[in-house]
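Report on the structure given below.
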Protein chains: 2
Amino acid sequence: MVKKETYSISELAKEFDVTTRSIRFYEDQELLKPTRRGQTRIFSSKDRVRLKLILRGKRMGFSLSETKELFDLWDETLSGNEKQLLLMLDTLSRKRAQLEQQKNDIAMAEMEMDTAEARCREALADLEQKKKDQKMPANDEESTTAEQK
Amino acid sequence: MVKKETYSISELAKEFDVTTRSIRFYEDQELLKPTRRGQTRIFSSKDRVRLKLILRGKRMGFSLSETKELFDLWDETLSGNEKQLLLMLDTLSRKRAQLEQQKNDIAMAEMEMDTAEARCREALADLEQKKKDQKMPANDEESTTAEQK
DNA sequence: CAAATACTTTACGTTTACGTAAACTTTATC
DNA sequence: GATAAAGTTTACGTAAACGTAAAGTATTTG
């Protein structure tokens with residue numbers, strides 16, 4: 001009783017919050033390869049891992065076929081011949097470059113969100129100030145319209 | 001002559017390596033709002049910035065409608081009323097959470113790529129070793145088959 | 001001024017990633 | 001043993017994000 005070896009389709013669907021339709025679709029596309037008992041699908045823990053990877057890939061903007069390519073490549077890599085190993089190393093380095101790009105994009109996005117948030121807070125502070133001014137108008141001059149530029 | 005104020009569709013297409021079709025599609029979806037001279041589109045530097053954001057969004061796995069929502073929200077935010085400002089701040093914090101998730105995903109992916117690469121290199125080293133053994137078999141015992149586990 | 005070049009609209013086609021419904025079989029439950 | 005619950009296949013439908021002609025306009029260039 002280590003970790004549970006097999007899973008039903010609805011168990012996986014519930015755990016990862018996807019529809020059974022999606023899971024069947026992933027099998028159809030050969031990203032998952034459940035065995036059968038009768039006609040019922042039985043998923044292994046390897047399938048479970050792959051499902052997790054599929055979903056992470058999606059969040060990272062990977063298409064199913066990209067993910068499948070990686071799965072296939074990894075399977076072939078396990079065959080152990082030198083050509084496949086080198087191919088895998090090459091692919092890994094390309095993927096790493098992709099991740100670098102994504103980290104860059106995220107960093108950029110964060111910076112822009114920082115400045116956006118700062119501007120929001122400024123604008124809010126201005127509004128609060130005006131509220132006070134309205135309640136307790138200390139000095140005169142026209143204060144109603146046109147203040148920027 | 002500061003920064004060039006306007007761009008043709010093909011200039012932008014070339015600069016960002018997208019098709020003109022895509023750019024027109026983005027306009028159709030109201031992500032870009034070029035003006036016209038006659039019937040020809042004229043893109044402002046604001047459009048240019050937005051195109052850049054669209055593409056970055058795509059690399060980060062954002063749909064066009066998600067990006068459009070952000071654009072619209074930002075435009076409304078600029079109207080300056082308190083409700084919109086608060087809504088924007090809320091949205092920003094949700095997007096930040098999303099970015100955190102993505103960073104997590106990337107970190108996971110990197111770790112898995114590290115171990116994958118390590119295994120590849122091990123396997124390669126093993127192969128090299130076997131090549132040497134074949135050329136210069138120093139000791140006896142059966143050395144042909146089954147060495148792991 | 002004719003031909004090439006750049007732009008346009010209109011519109012049907014395509015791929016991806018499922019949603020949704022219909023019609024069955026198998027297994028569990030009352 | 002009826003019926004609900006969970007599974008299945010088959011198949012048509014759909015939204016997103018463009019691709020790909022087709023056919024026309026506008027401008028530039030030899």
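Per chain, numbering begins at 1; letters A, B, ... match sequence-line order.
- A:Ile9 and A:Tyr26 fall within the same hydrophobic cluster, where Ile, Leu, Val, Met, Phe, Trp and Tyr residues are linked whenever their side-chain heavy atoms come under 4.5 Å apart, directly or through other members.
- Residues B:Leu51 and B:Phe25 are members of one and the same hydrophobic cluster, defined by side-chain heavy-atom contacts under 4.5 angstrom among Ile, Leu, Val, Met, Phe, Trp and Tyr.
- Note on residues 96-105 of chain A: pairs passing side chain to side chain donor-acceptor pair (under 3.5 Å), not counting sequence neighbours, are A:Arg96-B:Asp114, A:Arg96-B:Glu117, A:Glu100-A:Lys103, A:Lys103-B:Glu110, A:Asp105-B:Arg59.
- Contacts between residues 61-69 of chain B and DNA chain D, defined by a heavy-atom separation below 4.0 Å, involve B:Ser63, B:Leu64, listed by number.
- Using modelled atom types, one side-chain atom of A:Glu11 and one backbone atom of A:Ser8 make a donor-acceptor pair closer than 3.5 Å.
- When DNA chain C is scanned 5' to 3' for any atom under 4.0 Å from a heavy atom of chain A, the first and last hits are C:dA17 to C:dT20.
- Near DNA chain C, defined here as any heavy-atom distance below 4.0 Å, the residues from residues 30-39 of chain B are B:Arg36, B:Gln39, listed numerically.
- Atom CG of residue B:Leu78 and atom CD of residue B:Gln84 lie 10.5 Å apart, to the nearest 0.5 angstrom.
- Comment: B:Asp90 engages B:Arg94 in a salt bridge, judged by a side-chain N to carboxylate O separation of less than 4.0 angstrom.
- A heavy-atom distance below 4.0 Å to DNA chain D is reached by these residues of residues 12-26 of chain B, ordered by number: B:Thr19, B:Arg21, B:Ser22, B:Phe25, B:Tyr26.
- Rounded to a whole Å, the CD atom of B:Gln29 is 8 Å from the C1' atom of D:dA17.
- Every pair passing salt bridge (charged side-chain N to carboxylate O under 4.0 Å, His left out) that includes a residue from residues 30-45 of chain B is listed here, sequence neighbours excluded: B:Glu27-B:Arg36, B:Glu27-B:Arg41, B:Glu30-B:Lys68.
- In this structure a side-chain-to-backbone donor-acceptor pair under 3.5 Å is missing from A:Ser45 to A:Arg48.
- A distance-only check finds a donor-acceptor pair linking the side chain of B:Ser44 to the backbone of B:Asp47 [under 3.5 Å].
- The OG1 atom of A:Thr67 sits 8.5 Å away from the CG atom of A:Leu53 when rounded to the nearest 0.5 Å.
- Checking side-chain atoms of B:Asp72 against main-chain N and O of B:Glu69 turns up no donor-acceptor pair under 3.5 Å.
- Counting heavy atoms from C-beta outward, A:Phe16 and A:Ile23 have side chains that stay 4.5 Å or more apart.
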